[in-house]
S.K.: 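The following block contains the structure, expressed as structure tokens.
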Amino acid sequence: MSDLEEEYQLGYFTENGFTRKECVECGGAFWTRDEGRTTCGEPPCDTYSFIDNPGFDESYTVEEMREAFLSFFEEHGHDRIAPYPVAANRWRDDVLLTQASIYDFQPLVTSGETPPPANPLTISQPCIRMQDIDNVGKTGRHTMAFEMMAHHAFNTREDADDYAYEGEVYWKSKTVEHCDTLLGEMGADLEEVTYIEDPWVGGGNAGPAIEVIYRGLELATLVFMSMEQDPDGEYELKDGNRYSKMDTYVVDTGYGLERWTWMSQGTPTVYEAIYPEMIAFLKDNAGIEYTDEEEAIIHDAARLSGNLDIDDVDDVEAARGDIAAELGVDVERLRTLLEPLEDIYAIADHCRTLAYMLGDEIVPSNVGTGYLARMVLRRTKRLVDNVGVDAPLDELVDMQAKRLSYENRDTIRDVVRTEVERYRETLDRGSRRVEQLAEEYAQEGEPVPSSELVELYDSHGIQPDMVEEIATEHGADVAVPDDFYSLVAQRHNDETETDSESEAGRDSERYAELPATERLYYEDQSRMEFEAMVLEVFEHEDGYDVVLDQTMFYPEGGGQPADHGSISTDEETAEVLDVQQVGDVIVHHTDSNPGKGEFARGQVDANRRRRHMRHHTATHIVGHATRQVLGDHIRQAGAQKSTDSARLDVSHYESVSADELETIERVANEIVTENEAVDQEWVDRNEAEAEHGFDIYQGGIPEGEQIRLIHASEDTQACGGTHVSRTGEVGVIKLLGTERVQDGVVRLTFAAGEAAIEATQRTERLLSETADLFDVSHDEVPETAERFFREWKERGKRIEELKEELAAVRASGGGDGEEVDIEGTPAVIQRLDGDMDELRATANALVEDDSIAVLGSGASGAQFVVAVPDDCPVDAGHVVGELSQRVGGGGGGPADFAQGGGPDAEKVDDALDDAPEILKQALDA
RNA sequence: GGGCUCGUAGAUCAGUGGUAGAUCACUCCCUUGGCAUGGGAGAGGCCCCGGGUUCAAAUCCCGGCGAGUCCA
């Protein structure tokens, strides 16, 4: 079946007495030393045989196993690399979380554009896979968080050049040899190990791959990434697409740290092997105890469930029935025994996931990785409450963070506490809502419909089972549909398509043939004049695009706006209105044509540029100060500079208080006052990463082997912007304000240098104008404003009172109104040019005296109020309708009190003249 | 980045175009020796902001701001 069969004819196999066989159960091809073997070794063809029968000589903890693995590969010529963050979106924008060790080197290293940090290398990379979150705890082997131990080698073909690494380090046979040797050193019985042929396809790449199985457990996958999708390729693989060989070929291996540890211990589940003390703590805390007989059932069930090929939760539920049957136990009894234990396994795993996430400084939020962290945390909290563990969640997460040796454990605990509190508020809000809803439906005797459930979940974050619980207490039925989550998904399917592509594609083609523009602005960031040759000019709808051989003009990028200025030749001076970078070419957008092939002088608008430089350096300083004041989790989430101010968005889990803002401002200005050097440095990116970590990429990830670092005081950032040469040149930094731009992200707005002075002057002018208005000193403005506001409110109330009094007087004093008799009820018809409030009050007063009130006003347009005493059969709404029609409008209201009006104020009197007639009609009607 | 929900008294919320409400908390009075409590009265609102529609907007529409939530 496999088109790649010849790819597996490895020297190591033939030299070490392996034979290729086909599994009698599944038909898959595999390699083994055991001549008599007939099955491939992988469940369901075979079953776990290491439970209570560890497959290695010694028992290892995860820490010991990690160290054993890494040092083995170090001894075999690999460099040990520190793990990358689990937040993969810090260096690539196509995924959120790190799901495999190879993610660390995609896309730039695997494509050959950037050299790997070492070659070959070994690493133990923390990974998080949310896909099988529902299986965690239930199958005995699924975990959301795990470490993928790996050895990688990056190779290029002999005839290929222009890649960041050259030649072959090692390939398939050597890879298998390393794996086999490691298993041998661990004391595995090599006769029992099988190597299954299983070509790998994913993400546009493919290649032969081998699964390494021992005693039923898949211990490693050895992937030989060497092909890319190509419609004309010579290989057709299992996804139905065609592939062809690439110039680079990469050894991508994955050894599950947790599985190796499990194999070495032979415990019933993986969880008991990797964090036994936490499992013990949780069981004890939740008060879970078993009799010997129960213990035996659980033990057997765990072993059996490991043997089943379980891939989703439905299978787990079905499998439980099979297991119960095999053990001769009632399925409900088995469920009651296992469920609390499953929750505990899941809690331990989720806490470890959170420790990785928060330890790598992900801040919970409603977007991106922050949202995933929040989901995991809330899920964990539910499990903890469900199973009756009463330890605070921050303590549980800390247990795992401690084991993983994170240094920011205080912040982690703080974040967890804040999140738990936030969740509690959401639940409070939710339960109030559900209670109310439940009572409504209970009263009508109807069940809560699934549309309400979807609404509650989607808009308010309330789980259907929680609705069920609360609603039942209030006597309302709830039927949670089986396809609940697909109903929720349906609501999101109406989303609009993405908009069309830009024209950048064509542009970049046009500029591709031009040489890279030499960037003078990096050579001397304070120079503003230069000379250059005009290489090309493209005419445009609204101007010209000019390309020079070298330029001092800074193109828009990294949140710094483009420079302005002029490009002059002897004949022509062109204003530069915008500057953009297209590939390696810098394009100046101008208002006139300097002439292709001309020798030109460039002049950068120095004032504008200097303001940008101050704001750019100030941004680094403020970021650094914020990190010092608020904590190490502070990370840039976006930034924009202008001539007048700059803004910096940072990740933070609560809003910034006024006190904190002042402290940040003080710390930032201390850095300015210390007048330290701001240096730029071009360095090898791998060296930079090794020395400073990923925190240098807060403003985005630049391409290329060399990157530019900016050192401002103790802060180091990869940055392409222009900077002042000493922090003192920033002058002064004035923080203008802070706002929460989204959950988990806070925006700081500030101004530097003369812009700071201007900003201060602006606020002071506002204060002065306000003070002048009140005719008081600056100090007295707040209390004066407060007094004015209070008095304004008091006066409003007094006016209301007076209007009512006036209305009473008008109603009783007869006034100049006409009074007619409608079947024994007196009706007062009166013009009264006041506002609606006055009309209403007067009408009310008249009704108190058992009169019908028909009042009209011409104060702003025409307005009418008609009020009728309780027992009078006149319909006020009808009367108002008739009156309003006569002034070109309309009106209505309840039968005893109606309002209306229209635009024709001059017809108020005419309308009122008709009032007696209308009243009589209304009575007849 | 997108979808949805919500902004009304100090708190929790009613109010679907026609005179801004309830409960708790608050103040005062009464009941009691005191407390829990019970009875009565009162105070407290830029109905988030800005436009629009309308005779009339807390209410409908548009735009902001703020809060929440689901998804990628």
Side-chain angles (χ1 to χ4, degrees), chain A residues 89 93-97 130 365-372 374-375 378 422-423 425-433 435-437 439-440 451-464 484-499 637-638 655 739-743 745 789-790 792-794 796-797 800 803-804 807 835-845 847 853 855-867 876-877 880-881 883-905 907-908 911:
Chain A
N89 62 338
D93 53 16
D94 54 338
V95 290
L96 293 175
L97 295 171
M130 308 269 292
S365 120
N366 59 350
V367 292
T369 51
Y371 177 67
L372 300 180
R374 174 167 291 170
M375 282 304 89
R378 292 185 173 189
R422 211 188 287 262
Y423 187 41
E425 283 169 16
T426 292
L427 290 182
D428 280 356
R429 252 195 310 275
S431 29
R432 280 195 300 266
R433 205 178 183 93
E435 276 170 25
Q436 203 177 332
L437 214 61
E439 271 167 30
E440 277 174 34
S451 62
E452 291 280 11
L453 293 179
V454 172
E455 168 72 16
L456 283 168
Y457 175 73
D458 200 30
S459 299
H460 304 286
I462 306 159
Q463 238 66 22
F484 176 77
Y485 288 96
S486 60
L487 287 179
V488 175
Q490 250 173 36
R491 267 172 65 129
H492 295 273
N493 281 345
D494 310 332
E495 277 154 39
T496 48
E497 301 293 310
T498 46
D499 42 353
S655 43
E739 58 183 321
R740 254 167 53 120
V741 71
Q742 59 175 227
D743 215 6
V745 179
F789 186 63
R790 196 179 60 239
W792 171 77
K793 285 204 289 189
E794 280 165 4
K797 266 175 255 167
E800 285 298 308
K803 276 181 184 169
E804 304 227 345
D835 61 25
M836 214 52 171
D837 280 346
E838 288 174 66
L839 295 190
R840 279 198 292 252
T842 309
N844 280 331
V847 167
L855 306 176
S857 164
S860 67
Q863 292 177 313
F864 298 105
V865 170
V866 175
V880 158
L883 289 171
S884 303
Q885 234 175 26
R886 288 162 168 73
V887 293
D896 63 332
F897 195 99
Q899 302 156 68
D904 304 334
K907 291 182 183 161
V908 169

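To find a chain, count down the sequence lines: A is the first, B the second, and so on, and within it residues start at 1.
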S.K.: Base, sugar-phosphate, or nothing: which does Asn844(A) touch, judged by heavy atoms less than 4.0 Å apart?
M.R.: base
S.K.: Is the ring centre of Tyr457(A) under 5.5 Å from the base ring centre of C70(B), and are the two planes under 30° apart, so that they stack?
M.R.: no
S.K.: Using a 4.0 Å heavy-atom cut-off, does Met375(A) contact any base of the nucleic acid, only the sugar-phosphate backbone, or nothing at all?
M.R.: sugar-phosphate
S.K.: Suppose we screen for ring-ring contact (aromatic ring centres under 6.0 Å, His included). Which residues come up paired with Phe897(A), at least two apart in sequence or across chains?
M.R.: none
S.K.: With sequence neighbours excluded, tell me which residues meet side-chain hydrogen bond (donor to acceptor under 3.5 Å, both in side chains) with Arg378(A).
M.R.: none
S.K.: Heavy atoms only, 4.0 Å cut-off, all strands: where does Glu425(A) land among base, sugar-phosphate and nothing?
M.R.: nothing
S.K.: Mind checking Gly901(A) for me? I need base, sugar-phosphate or nothing, with any heavy atom below 4.0 Å counting as a touch.
M.R.: base
S.K.: Please determine if a side-chain N or O atom of Thr426(A) lies less than 4.0 Å away from the OP1 or OP2 oxygen of U69(B).
M.R.: yes
S.K.: Is any side-chain heavy atom of Arg429(A) closer than 4.5 Å to a side-chain heavy atom of His460(A)?
M.R.: no
S.K.: Mind checking if Gly902(A) touches a base, just sugar-phosphate, or nothing, with heavy atoms under 4.0 Å?
M.R.: sugar-phosphate
S.K.: Just checking Gln863(A): base, sugar-phosphate only, or nothing, at a heavy-atom cut-off of under 4.0 Å?
M.R.: nothing
S.K.: Should Arg374(A) be listed as having a side-chain N or O under 4.0 Å from OP1 or OP2 of C70(B)?
M.R.: no
S.K.: Could you tell me the Watson-Crick or G-U partner of G21(B), where both distances fall under 3.5 Å? Say none if there is no partner.
M.R.: C13(B)
S.K.: By the 4.0 Å heavy-atom rule, please label Lys803(A) as base, sugar-phosphate, or nothing.
M.R.: nothing
S.K.: Across the strands shown, which category fits Val367(A) at heavy-atom distances under 4.0 angstrom: base, sugar-phosphate, nothing?
M.R.: base
S.K.: With sugar-phosphate meaning primed atoms plus P, OP1 and OP2, does Gly368(A) contact a base, only sugar-phosphate, or nothing at under 4.0 Å between heavy atoms?
M.R.: base
S.K.: Regarding U69(B), can its base be found pairing with the side chain of Asp458(A) as donor and acceptor, where the two atoms are less than 3.5 Å apart?
M.R.: no
S.K.: Check Arg433(A) with Asp428(A), please: is the shortest side-chain N to carboxylate O separation under 4.0 Å?
M.R.: no
S.K.: Less than 4.0 Å between a side-chain N and a carboxylate O, is that true for Arg886(A) and Asp904(A)?
M.R.: no
